[in-house]
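What you see below is based on every heavy atom in this structure, not just the backbone, and it leaves out hydrogens, waters and symmetry mates.
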Amino acid sequence: IMLKSSLLEIIRTFTKQELIKFEDFVRSPYFNKKENVIKLFLEVKKYAPAFESANLEKEKVWNSMFAGKIYNYGIIKNLIFDLNKLAVSFLDLEFQSGKKFDSDLNIIEQYHLRGLLNFAEKKLKDSKKELNKINEDTNYYFYKYLFESKEINYMPLKHDLKDHRSFEFDVFNKNLTLYFYTMFFEKNYNSYQLSFLYNKPIDNKFVDVVIKSYEESAFTTFYSDLIFYTFKTVYDPFSESNYYKLKELYYQNYEKLTKRNKYILSCTLTNFCKNNSDAGNLFFIKERYQYLKLLADDELFFFDNINYIDRIVFMNIIISACSAGDFDWCGQFIKKYELKLKEEVRDLSVNFAFTHLNFKNKKHEEALNYLSKCVNATGMDKLNVKSYQVFIYYELEYYEELKHLTDTCRHFVKNDKIISGDVKKRFINFINITNRLSDYRYLTKTKGSDEFILKEIKKFNLENNAWSKNWLNEKISELENSK
């Protein structure tokens with residue numbers, strides 16, 4: 001069935017403008033000399049933008065293209081294959097067309113290989129001028145280093161000592177060093193973030209050496225400091241001094257940053273606040289909202305031609321807005337941007353967003369209804385779904401149902417091979433504390449309260465890390481105040 005082909009999966013991602021450009025690409029004899037491939041594209045194009053019509057089945061496409069001819073599976077398969085290859089080549093060309101400095105380097109290298117050194121030098125000089133106009137970031141240091149490398153390569157060819165004497169080797173080394181540091185900390189940020197969530201321990205020995213080297217380096221800039229402290233927020237996820245330093249650097253240099261880097265740094269600061277608020281530091285709930293509001297107000301999630309919202313950022317904005325009590329704004333945000341989520345995560349993300357919105361607004365039955373639609377969740381998503389099920393059952397005082405659910409949760413966490421040991425322990429503590437609170441509440445209503453039991457639960461909660469600690473503290477306070 002053509003509907004499930006990789007060709008249609010790729011073409012469905014094309015914008016209206018990209019589809020027009022792709023038609024020009026397919027019609028170009030430089031890229032394609034097969035008339036039947038053009039005919040296939042024109043047939044497929046009729047069903048834009050969804051490309052989901054039953055008329056896109058192979059035999060129906062054949063009959064439309066070759067009326068009166070006997071269906072030939074081999075020919076239509078090859079035509080689909082050829083058009084798919086063109087779609088992939090088009091993606092590559094579109095991506096490369098946005099990488100100006102890579103293109104400049106390729107042109108410079110071609111001039112060099114063809115012996116056109118004067119052309120190469122002029123192009124190199126012009127490219128360096130253009131590079132100096134962009135915002136400083138890891139790519140900036142990378143291209144500075146590459147352009148300067150080209151300059152060094154041309155020196156022996158020219159035999160001009162004046163060029164050698166005027167070349168700033170310390171600047172060359174600085175850009176190379178800055179590229180290493182910023183790339184190292186960027187890539188290791190992702191590694192440590194995953195290590196924090198999942199069972200992926202990291203040996204710190206080499207990382208510690210690089211941290212010490214950077215702290216002692218003479219080659220630092222505002223941007224390298226931003227990336228360094230970005231990394232430090234996951235390397236030491238509860239260090240407030242690292243957080244405040246990053247926050248200071250972020251606001252001081254906000255206007256110097258690309259939209260992409262504003263987005264990344266807002267997410268970094270948000271993640272730190274979330275981890276610390278989840279651990280019981282309520283101050284960071286309010287802190288978090290400022291960055292997420294900035295993401296939404298400045299639409300920082302749309303950068304580098306990205307026209308969709310990352311699902312984690314989407315949910316963080318929902319959670320933060322609800323924590324601030326901004327329920328109407330939150331509902332409007334979901335409806336405004338739900339179609340900007342990728343299709344494969346849209347249903348789960350939107351239903352979970354409405355689950356959280358209704359739960360925080362104390363509409364527990366409605367929250368449970370949306371939660372029931374959160375199907376096919378895996379890993380941390382499944383853990384979050386189970387958490388909200390526990391929250392809602394507790395709030396609705398489903399005593400027996402909660403007993404059964406917490407038992408199911410224990411088995412799920414015990415058998416899961418992906419979730420880290422630390423997260424498993426915190427989740428089990430959450431399950432056990434919630435279960436004990438439910439028992440205490442039930443016994444209080446049937447046999448009267450026992451203050452000693454509640455004190456023991458409170459003591460255990462204070463002394464142990466637990467999932468959703470803020471919610472547990474709130475439930476304990478409610479029971480204390482109800483006596």
Side-chain angles (χ1 to χ4, degrees), residues 17-18 21-22 24-26 28-32 85-187 214 217-224 226-227 253 256-264 303-306:
Q17 189 59 37
E18 284 173 334
K21 290 168 73 176
F22 182 55
D24 292 339
F25 184 83
V26 172
S28 168
Y30 183 83
F31 298 106
N32 170 50
K85 277 178 65 178
L86 287 171
V88 172
S89 296
F90 176 75
L91 290 178
D92 180 41
L93 194 67
E94 283 291 285
F95 178 71
Q96 293 300 333
S97 68
K99 298 174 77 68
K100 181 193 180 314
F101 296 116
D102 284 335
S103 174
D104 286 357
L105 285 162
N106 291 337
I107 293 168
I108 291 165
E109 184 62 17
Q110 281 297 309
Y111 284 153
H112 175 208
L113 292 173
R114 295 166 192 270
L116 303 170
L117 290 184
N118 288 337
F119 288 12
E121 281 190 275
K122 184 179 185 307
K123 184 66 177 174
L124 181 58
K125 185 178 179 181
D126 291 343
S127 297
K128 287 176 73 175
K129 280 183 182 177
E130 287 299 309
L131 182 60
N132 286 331
K133 294 176 185 177
I134 73 168
N135 299 82
E136 219 168 297
D137 62 6
T138 302
N139 285 331
Y140 172 84
Y141 304 133
F142 177 59
Y143 288 116
K144 285 283 278 188
Y145 153 69
L146 288 178
F147 286 137
E148 286 157 0
S149 294
K150 292 287 184 190
E151 214 169 326
I152 291 174
N153 291 342
Y154 296 152
M155 285 180 190
L157 301 174
K158 293 172 60 185
H159 307 289
D160 191 336
L161 287 176
K162 186 176 79 172
D163 284 348
H164 188 277
R165 287 173 185 147
S166 64
F167 185 81
E168 297 178 289
F169 285 95
D170 57 334
V171 174
F172 169 76
N173 287 324
K174 177 181 179 180
N175 289 319
L176 176 58
T177 304
L178 285 169
Y179 173 66
F180 165 74
Y181 282 134
T182 53
M183 182 58 76
F184 179 88
F185 292 130
E186 275 184 16
K187 297 306 177 186
Y214 181 79
S217 174
F219 297 146
T220 63
T221 64
F222 82 88
Y223 183 78
S224 64
L226 275 166
I227 300 304
N253 298 286
K256 299 178 188 176
L257 299 170
T258 63
K259 196 170 187 180
R260 178 181 183 273
N261 284 323
K262 288 174 183 176
Y263 168 84
I264 291 169
F303 63 90
D304 293 352
N305 297 319
I306 290 175

Donor-acceptor contact below 3.5 Å, side chain S149 vs main chain Y145
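Yes.
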Using only atom types and a distance under 3.5 Å, with no angle test, would you say the side chain of D92 pairs donor to acceptor with the backbone of V88?
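Answer holds: no.
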[atom2] on [Y] to [atom1] on [X], rounded to 0.5 Å:
| X | Y | atom1 | atom2 | result |
| --- | --- | --- | --- | --- |
| L86 | L93 | CG | CG | 11.5 Å |
| I264 | L226 | CD1 | CG | 11.5 Å |
| E94 | K99 | CD | NZ | 14.0 Å |
| D126 | E121 | CG | CD | 11.5 Å |
| H112 | L117 | NE2 | CG | 6.0 Å |
| L124 | K129 | CG | NZ | 11.5 Å |

Determine, step by step, whether K133 and E130 satisfy the salt bridge (Lys or Arg N to Asp or Glu O under 4.0 Å) criterion, reporting the C-alpha distance in whole Å, the side-chain angles of both residues, the deciding distance to 0.1 Å, and the verdict.
CA-CA 5 Å; K133 294 176 185 177; E130 287 299 309; 3.0 Å; yes
Hey, what's the ring geometry for Y141 with Y223, parallel, tilted or perpendicular (30° and 60° as the breaks)?
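Y141 vs Y223 ring planes: tilted.
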Geometric class of the F25/F22 ring pair [parallel <30°, tilted 30-60°, perpendicular >60°]
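Parallel, since the angle between the ring planes stays under 30°.
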Using a 6.0 Å cut-off, check whether atom [atom1] of [X] has over 12 heavy atoms from anything other than its own residue.
| X | atom1 | value |
| --- | --- | --- |
| K150 | NZ | yes |
| K85 | NZ | no |
| Y140 | OH | yes |
| F222 | CZ | yes |

Indicate yes or no: at least one non-hydrogen side-chain atom of [X] is less than 4.5 angstrom from one of [Y].
| X | Y | value |
| --- | --- | --- |
| I107 | S103 | yes |
| K128 | E151 | yes |
| L257 | D137 | no |
| I227 | M183 | no |
| F90 | V26 | no |
| L178 | T221 | yes |
| T258 | F303 | no |
| F31 | S89 | no |

Begin from the C-alpha positions of D102 and Q96 and carry the test side-chain hydrogen bond (donor to acceptor under 3.5 Å, both in side chains) through to its verdict.
CA-CA 8 Å; D102 284 335; Q96 293 300 333; 6.0 Å; no
Would you say the rings of F119 and Y111 are close, in the sense that their centroids are separated by under 6.0 Å?
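Yes, ring centres under 6.0 Å apart.
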Proximity of Y214 and F184 rings by center, below 6.0 Å
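No, the ring centres sit 6.0 Å or more apart.
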Looking only at heavy atoms, what is the nearest atom pair of F101 and S127, with distance?
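The pair with the smallest heavy-atom distance is CE2-O, 3.8 Å.
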Should N253 and K256 be marked as a side-chain hydrogen bond (donor to acceptor under 3.5 Å, both in side chains) after you check the CA-CA gap, both sets of side-chain angles, and the distance that decides it?
CA-CA 5 Å; N253 298 286; K256 299 178 188 176; 3.2 Å; yes
Pick from Y143, F219, F172, F142: which one makes a ring pair (Phe, Tyr, Trp, His ring centres under 6.0 Å) with Y179?
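Answer after filtering Y143, F219, F172, F142: F142.
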If you measure from the Lys or Arg side-chain nitrogens to the Asp or Glu carboxylate oxygens, is any gap between D104 and K100 under 4.0 Å?
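Yes, this pair counts.
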Result of checking I108, L116, L105, N118 against K123 for side-chain contact (heavy atoms from CB on, under 4.5 Å)
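Of I108, L116, L105, N118, side-chain contact (heavy atoms from CB on, under 4.5 Å) with K123 is met by I108 alone.
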Verify side-chain hydrogen bond (donor to acceptor under 3.5 Å, both in side chains) between E186 and T138, making sure each step is shown before the conclusion.
CA-CA 9 Å; E186 275 184 16; T138 302; 2.5 Å; yes
